[in-house]
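For reference, the structure discussed in these notes is given below.
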Amino acid sequence: MLNAKIPAGPLETKWSKYKSTVKLVNPANKRKLEVIVIGTGLAGASAAASLAELGYKVKAFCFQDSARRAHSIAAQGGINAAKNYQNDGDSVFRLFYDTVKGGDYRAREGNVYRLAEVSAAIIDQCVAQGVPFAREYGGLLSNRSFGGTQVQRTFYAAGQTGQQLLLGAYSALQRQVALGNVKMYSRHEMLDVVKIDGKARGIIARDLVTGKLERHFGHAVLICSGGYGNVFFLSTNAMGSNVTAAWKAHKAGAFFGNPCFTQIHPTCIPVSGDHQSKLTLMSESLRNDGRIWVPKKQNDNRKPTDIPEEERDYYLERRYPAFGNLVPRDVASRAAKERCDAGYGVGASKMAVYLDYADAIVRYGTIEASKRGQENASKDEIIAMGKGVVAEKYGNLFDMYAKITGENPYETPMRIYPAVHYTMGGLWVDYELMTTVPGLYALGEANFSDHGANRLGASALMQGLADGYFVIPYTIGNYLADEIHTKPILLDHPAFVEAEIAVQKQLDTLMGIQGKHSVDHFHKALGKIMWDKCGMARNEQGLKEAINEIRALKEEFWKDVRIPGTQFELNPELEKAGRVADFLELGELMCMDALMRRESCGGHFREESQTDEGEAKRDDENFSFVAAWEYKGPGNFDLHKEELNFEIVHPTQRSYK
């Protein structure tokens with residue numbers, strides 16, 4: 001039975017009691033202990049900086065040329081925190097409740113409450129680092145609304161919150177690099193976890209410039225390598241985002257939790273053709289002021305500005321009056337798909353809906369005219385002032401849309417459609433963020449997280465920084481307190497030698513195939529299977545077909561992939577090949593997990609399990625558990641269940657009406 005190690009006692013005191021009773025490592029002993037951190041996004045950079053500040057010796061690895069290039073920079077909209085600056089009724093409990101409900105009751109109460117509890121401290125930490133959060137006229141930090149909530153709790157820095165938060169964590173990390181407490185390994189990719197006597201004791205990494213394999217020892221290993229959305233090929237993730245570090249940890253014995261829980265983001269620029277290698281996210285913050293609609297008439301080819309108000313269907317406002325355009329992402333995404341499938345889609349592909357700022361521009365312009373005392377301002381003057389306010393709030397997002405589409409979103413509504421974004425699944429971890437392998441931890445999006453079956457917008461940054469700044473510094477000490485007598489293990493230990501030989505063998509195999517098809521050929525084929533049969537909607541027949549198709553594709557990959565160049569040089573195709581090999585195995589498991597979970601919840605929508613109104617229908621009696629899969633060999637996984645117990649928030653049918 002999986003032990004989540006959630007502390008006993010009332011929900012409100014679990015974390016404070018844990019911190020007061022946890023084992024400690026004294027400063028002199030911290031200097032003897034080495035920690036490896038894989039990934040330098042928000043979770044990895046904050047963890048590496050925090051642990052080094054405490055005195056541990058840290059090695060940090062990233063496959064980019066700089067820690068600053070982690071995909072965390074792409075998060076645009078904001079970060080949640082329960083500070084109640086708006087005095088609109090927010091609280092730690094309400095953030096906790098919204099997160100559990102938004103995740104469709106498939107997350108642990110203990111973890112989620114801790115996340116809500118430390119959220120306010122994250123904002124203080126980042127302000128102290130100089131993160132330029134937006135501020136109100138009087139100097140207080142500004143907040144905006146996000147999906148799944150009825151309060152304003154999202155702190156933001158224009159449309160580049162992730163980048164600014166990462167710069168804060170990066171500066172803290174670089175300070176420790178300069179002090180010699182962190183050794184930074186850029187252009188390095190982790191290709192295996194080394195276990196000795198059942199514990200994680202190091203990694204095998206590849207220098208991506210020279211191709212040389214390296215052995216690195218650590219008393220503990222932290223996987224902070226992000227999510228696996230690129231299994232779908234087209235996603236909002238950076239091209240380099242992958243599952244390799246987490247998957248190698250999984251094959252080394254770490255259980256994989258809820259792999260089928262992937263999030264489809266409702267606000268992306270639609271697919272424009274086969275030439276695309278990724279999709280572009282338009283921040284969810286745009287739903288804060290924008291209104292989403294489609295024409296009331298099917299196959300309406302008129303320009304959006306030519307369609308009068310009475311012929312527009314603001315379908316989210318119609319279906320979910322209490323939340324309107326701010327329903328959670330899974331609800332908004334399925335609603336857009338339903339309208340497009342029914343023939344009301346817009347644009348050339350008819351697979352898009354409109355996101356319209358005309359009302360917001362007039363509203364902001366009217367307020368601005370009032371502030372300036374211009375009671376008789378003309379309509380054109382009001383619109384000009386409104387555009388100025390919108391540009392101040394969202395300007396870089398509007399500019400990005402204009403550059404990509406060639407259209408002016410201030411004048412004509414944006415076209416958006418759902419796309420793969422975040423992954424709620426990941427390595428299973430307990431309350432201490434430790435996987436099922438002692439000494440191996442997973443932080444941020446790499447773990448199966450606190451989001452259940454659906455992540456509320458602006459909660460990814462919150463979780464990554466909470467794990468790195470405020471959780472792991474306490475919980476890792478509970479493990480390392482018993483490791484202070486463990487001397488650094490020599491790198492010629494048989495376990496290191498054996499792991500390196502296995503990694504080298506796979507690299508040799510990949511380079512030796514010399515088939516006919518590129519890596520992207522297989523990645524695109526996998527992505528199409530996943531999107532068609534394990535995407536926004538899934539059914540039993542489609543998932544069974546997908547499993548067989550992926551197995552056949554995997555077999556073809558290992559016979560017919562072509563990798564140009566050599567192994568001992570900078571070779572991006574070889575990097576991609578290793579990652580796609582892992583995606584093929586993960587895709588199979590995702591479909592198996594989705595097939596097993598015969599219910600709909602959050603981002604996992606089984607067509608066989610829906611209400612009369614087409615909403616997700618959970619089966620709490622049979623599926624109120626975390627699915628934790630154990631790797632037993634190629635295509636062979638054992639299912640373990642962690643039952644979810646709800647003492648405070650009792651599961652009900654989610655309603656945003």
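The structure presented is a predicted model; accordingly, all values stated were derived computationally and were not measured.
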Partners passing side-chain hydrogen bond (donor to acceptor under 3.5 Å, both in side chains) against Asn396 (at least two apart in sequence or in another chain): none
List the residues meeting salt bridge (Lys or Arg N to Asp or Glu O under 4.0 Å) with Asp467, not counting sequence neighbours, and say none if there are none. none
Can you confirm whether Arg68 sits close enough to Ile73 that some side-chain heavy atom of one is under 4.5 Å from a side-chain heavy atom of the other? no
For Leu397 and Ser285, run side chain to side chain contact (heavy atoms under 4.5 Å, CB included): C-alpha distance rounded to whole Å, both residues' side-chain angles, the deciding distance at 0.1 Å, then the answer. CA-CA 10 Å; Leu397 300 173; Ser285 62; 4.0 Å; yes
Tell me whether the count of non-hydrogen atoms from other residues, nucleotides or ligands lying under 6.0 Å of CD in Glu392 goes above 12. no
Charged N-O contact under 4.0 Å between Glu368 and Lys371: yes
Just checking Phe625: does its CZ atom have more than 12 heavy atoms from other residues, nucleotides or ligands closer to it than 6.0 angstrom? yes
Is atom CZ of Arg144 surrounded by more than 12 heavy atoms (other residues, nucleotides or ligands) closer than 6.0 Å? yes
Drop me the distance from Ser235's OG to Leu281's CG, to the nearest 0.5 angstrom. 10.0 Å
Applying side-chain contact (heavy atoms from CB on, under 4.5 Å) to Tyr354 and not counting sequence neighbours gives Trp293, Pro304, Val346, Pro413, Arg415
Those residues that, when tested against Asp90, pass side-chain hydrogen bond (donor to acceptor under 3.5 Å, both in side chains) (two or more places apart): Arg153
Begin with the C-alpha distance, continue with both residues' side-chain angles, and end with the deciding distance and a verdict on salt bridge (Lys or Arg N to Asp or Glu O under 4.0 Å) for Arg175 and Glu53. CA-CA 9 Å; Arg175 176 174 178 270; Glu53 185 77 37; 2.8 Å; yes
Would a distance-only check, ignoring hydrogens and angles, find a side-chain to backbone donor-acceptor pair under 3.5 Å from Asn478 to Lys23? yes
So, the side chain of Asn237 versus the backbone of His421: is there a donor-acceptor pair under 3.5 Å, distance only? yes
CZ (Arg363) with more than 12 external heavy atoms under 6.0 Å: yes
In sequence, state the C-alpha distance, the side-chain angles, and the governing distance for Ile416 and Val353, and then conclude on side chain to side chain contact (heavy atoms under 4.5 Å, CB included). CA-CA 5 Å; Ile416 58 168; Val353 299; 3.6 Å; yes
Apply side-chain hydrogen bond (donor to acceptor under 3.5 Å, both in side chains) to Tyr394 and list each qualifying residue two or more places apart in sequence or on a separate chain. Asn288, Asp289
Residue pair Gln263 / Asp330, side-chain donor-acceptor N/O under 3.5 Å: no
Under the side-chain contact (heavy atoms from CB on, under 4.5 Å) test against Met414, which residue among Asp356, Leu286, Ile269, Ile292 passes? Leu286
For Asp620, is there an ion pair with Arg618 - N to carboxylate O distance below 4.0 angstrom? yes
Residues that Arg455 engages under salt bridge (Lys or Arg N to Asp or Glu O under 4.0 Å), provided they are two or more places apart: none
Taking the six-membered ring for Trp, are Phe261 and His604 parallel (under 30°), tilted (30 to 60°) or perpendicular (over 60°)? tilted
For residues 94-118, pull every pair meeting ring pair (Phe, Tyr, Trp, His ring centres under 6.0 Å), keeping only residues two or more places apart or in separate chains. Phe93-Phe96, Phe96-Tyr113
Do any N or O atoms from the side chain of Arg287 and from the backbone of Ser145 form a donor-acceptor pair under 3.5 angstrom? no
Check step by step if side chain to side chain contact (heavy atoms under 4.5 Å, CB included) holds for Asn111 and Tyr431. CA-CA 6 Å; Asn111 283 57; Tyr431 190 74; 3.5 Å; yes
Is it the case that the side chain of Tyr410 and the backbone of Val390 share a donor-acceptor pair, with hydrogens and angles ignored and the cut-off at 3.5 Å? no
Closer than 4.0 angstrom, basic N to acidic O: yes or no for Asp88 and Arg94? no
Would you say Glu109's side chain and Val649's backbone share a donor-acceptor pair under 3.5 angstrom? yes
Set of salt bridge (Lys or Arg N to Asp or Glu O under 4.0 Å) partners for Asp450, sequence neighbours left out: none
Only pairs at least two apart or in different chains count here, so list each side chain to side chain donor-acceptor pair (under 3.5 Å) that has a residue in residues 9-19. Tyr18-Glu432
Would you kindly say whether Asn143 and Thr154 are connected by a side-chain donor-acceptor distance under 3.5 Å? no
Neighbour count >12 (heavy atoms, 6.0 Å) for atom CD, Glu643: yes
Sorted by chain and number, sequence neighbours left out, salt bridge (Lys or Arg N to Asp or Glu O under 4.0 Å) with Lys387 holds for Glu411
What pairs with Gln64 under side-chain hydrogen bond (donor to acceptor under 3.5 Å, both in side chains), at least two apart in sequence or on another chain? none
Qualifying ring pair (Phe, Tyr, Trp, His ring centres under 6.0 Å) pairs with a residue from residues 120-156, counting only residues at least two apart or across chains: Tyr85-Phe155
